[in-house]
J.: 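If you scroll down you'll find the structure; I have some questions about it.
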Amino acid sequence: MDIIKVFGDNLRKYRNSLGLSQEAFAEKCGLHRTYISAIECYRRSIALENVQRIADALEIETYKLFMEE
């Protein structure tokens, strides 16, 4: 399992299900749009603090971002 790819794919899926652009989502969780883009394109590792911020903004349990389909 490539955890960075799984996380990026799940982030995109949950963000899109909320109907949020990368920019709107980044603002909601207090991160930069290019950071969100880099995560979704598998170019960035994520600090645990930011994993929690992303999960909180998506209003999901953190573990769901790491579940491979």
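Just so you know, residue 1 is the first one in the sequence shown, and it goes up from there.
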J.: Output, in order, the C-alpha distance, side-chain angles, deciding distance and verdict of salt bridge (charged side-chain N to carboxylate O under 4.0 Å, His left out) for Lys13 and Glu69.
T.: CA-CA 11 Å; Lys13 176 182 75 175; Glu69 291 194 13; 2.5 Å; yes
J.: One pair to check against side-chain contact (heavy atoms from CB on, under 4.5 Å): Arg43 and Ser37. What are the steps and the verdict?
T.: CA-CA 9 Å; Arg43 294 187 313 246; Ser37 175; 4.1 Å; yes
J.: Over all heavy atoms of both residues, which pair between Arg15 and Gln22 is shortest? Give the atoms and the distance, please.
T.: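 In this case the closest contact between Arg15 and Gln22 is NH1-N, 3.4 Å.
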J.: Could you walk me through whether Glu27 and Arg33 pass side-chain contact (heavy atoms from CB on, under 4.5 Å), step by step?
T.: CA-CA 8 Å; Glu27 187 173 313; Arg33 184 202 58 79; over 6 Å; no
J.: Looking at every non-hydrogen atom in both residues, tell me the closest pair between Lys64 and Asn10 and how far apart they are.
T.: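 Taking Lys64 first and Asn10 second, the nearest heavy atoms are O-ND2, 3.4 Å.
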J.: What's the shortest heavy-atom distance between Arg44 and Ile46, and which atoms?
T.: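 Reported closest heavy-atom pair: O-CD1, 3.8 Å.
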J.: Kindly give the heavy-atom pair with the smallest separation between Ile36 and Ala26, and that separation in Å.
T.: CG1-CB, 3.8 Å
J.: If you look at every heavy atom in Leu11 and Glu40, which pair is closest and at what distance?
T.: CG-OE2, 3.7 Å
J.: Any side-chain heavy atom of Cys29 sitting closer than 4.5 Å to one from Asp56?
T.: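 In short, these two side chains do not touch, never coming nearer than 4.5 Å.
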J.: Give me the atom names and distance for the closest heavy-atom approach of Phe25 to Leu20.
T.: CD1-CD1, 4.0 Å
J.: Begin from the C-alpha positions of Ile54 and Leu31 and carry the test side-chain contact (heavy atoms from CB on, under 4.5 Å) through to its verdict.
T.: CA-CA 9 Å; Ile54 288 168; Leu31 300 169; 3.9 Å; yes
J.: Looking just at side-chain N and O atoms, do Asp9 and Tyr42 make a donor-acceptor pair shorter than 3.5 Å?
T.: yes
J.: Working to the nearest 0.5 angstrom, can you tell me the gap between Ile60 CD1 and Ser17 OG?
T.: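 Answer rounded to 0.5 Å: 8.5 Å.
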J.: Return the NZ to CG distance between Lys28 and Leu18, rounded to the nearest 0.5 Å.
T.: 6.0 Å
J.: Going through the distances and angles, do Leu65 and Leu58 end up as a side-chain contact (heavy atoms from CB on, under 4.5 Å)?
T.: CA-CA 10 Å; Leu65 290 165; Leu58 292 170; 3.8 Å; yes
